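One structure is given below, encoded as structure tokens.
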Amino acid sequence: MAASHSEVWQGGTVAATHSLTPEIRRIEIDVDDPVRVDAGAHVVVRMPIAGEIERRSYSVVDASPDGIRIALSVFSSPVSRGGAAVMNALAPGDRVELTRPLNDFPLRLGAPRYVLVAGGVGITAMIGMAERLRDAGADYRVVYAGRSRPLMAYLNQLEERHGDRLSVHVRDEGTSITVPALVEELAPGTEVYVCGPIRLMDAIRRAWLDRGLPIASLRMETFGNSGWFDAQEFTVRIPAIGLETRVSSTQSMLEALEAAGADMLYDCRKGECGLCEVRVLGLVGEIDHRDVFYSERQRNASEKMCCCVSRVVPATAGDAVVTILTT
Ligand code: FES
């Protein structure tokens, strides 16, 4: 099994929790092994879910200057299970197991201008970046989209800190984000960072490619994205090793295969690097591609999938089953 080489595990104690919106809870943790926290960093938290030890990634929203206290924000709905339910049940004094802050979404200073685009809870990945750009005196804009103001975490704080540099798009107010216009208006040399639902990221990527902009200037943070369909249970088979297992709605396919004893490769576990790719030999249902690794053509072909994030959903009534070959 391959683990990300940069993961260093530590303990932490929950210091404070409170609700920011009806769906988003802020959790502050005092870590045992503090290090400097860079903008764009995240941590992986290990937790027991339905009898298995699973891992979930969360952006570090902010941290104390000494790195001892870090704040995460967790999205959940009234029907949340899995990681969100475990995180929401945390109370001051509880111990958690987490990595040191990791950063595969680093902010590259030095570009002529920046646009940070966040949808919903994706704002948690952007707050530190916006602060860093503000401190550096950079030319930047923050574009924040949500369903309604009461559901948009950190909105007041952002308005206070970034003033006119913040554009807010609220679906309930009829001011939803218009992605083609946003991309069309970008001045040459702009670096764009995006974190939000898969539909938002996909729309930006398409508009970006349509405009022929350099792909290296578009940076996406994927974890926590919601996919095109609701997560459902499905079956995965690897005939080459005689393995068949169920993937619950709260588990990734990679987690289910690991729990069943398969030797899997992975690195980012966020749908970005492609290392967890599996070949699809047979499919009953449809693949819900949640990665940003494949092109649209590759996704439509459904010959491969990133099993750390992508799932299978039934095309009609009945079970969804995917038969794969690990690479
Ligand atoms: S581990 Fe990187 S895309 Fe799955």
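What you are looking at is a predicted structure, and each value in this text was computed from that prediction instead of being measured. One-based numbering, in listed order, for ligands and for the atoms of each.
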Q. Do other residues, nucleotides or ligands put more than 12 heavy atoms under 6.0 Å from the CG atom of Asp164?
A. no
Q: May I ask you to check if any N/O/S atom from Cys273 comes under 2.8 Å of atom 2 (Fe) of ligand 1?
A: yes
**Q.** Arg311 with Asp230: basic N within carboxylate O range, under 4.0 Å
**A.** no
Q: Could you list the atoms of ligand 1 found under 4.0 angstrom from a heavy atom of Arg269?
A: 1 (S), 2 (Fe)
Q) For ligand 1, which atoms have a heavy atom of Gly271 less than 4.0 angstrom away? A) 3 (S)
(Q) By the definition side chain to side chain donor-acceptor pair (under 3.5 Å), identify the one residue from Glu303, Glu277, His289 that meets it with Tyr294. (A) Glu277
(Q) With a cutoff of 4.0 Å, is Asp267 in contact with ligand 1, counting heavy atoms of the residue only? (A) yes
Q | Proximal ligand 1 atoms for Gly274, defined as those under 4.0 Å from one of its heavy atoms | A | 2 (Fe), 3 (S)
Q. For Ile68, which of Asp32, Asp33, Ile29, Asp30 qualifies under side chain to side chain contact (heavy atoms under 4.5 Å, CB included)?
A. Asp30
Q.
Check whether Gln251 reaches the backbone of Ser248 with its side chain - one donor and one acceptor, N or O, closer than 3.5 Å.
A. yes
Q: For ligand 1, indicate whether the residue Glu272 contacts it via side chain, backbone, both or neither (heavy-atom separation under 4.0 Å).
A: backbone
Q. Within less than 2.8 Å of atom 4 (Fe) of ligand 1, any N, O or S from Cys308?
A. yes
Q | Leu243 versus Ala260, closest heavy-atom pair with distance | A | CD1-O, 3.7 Å
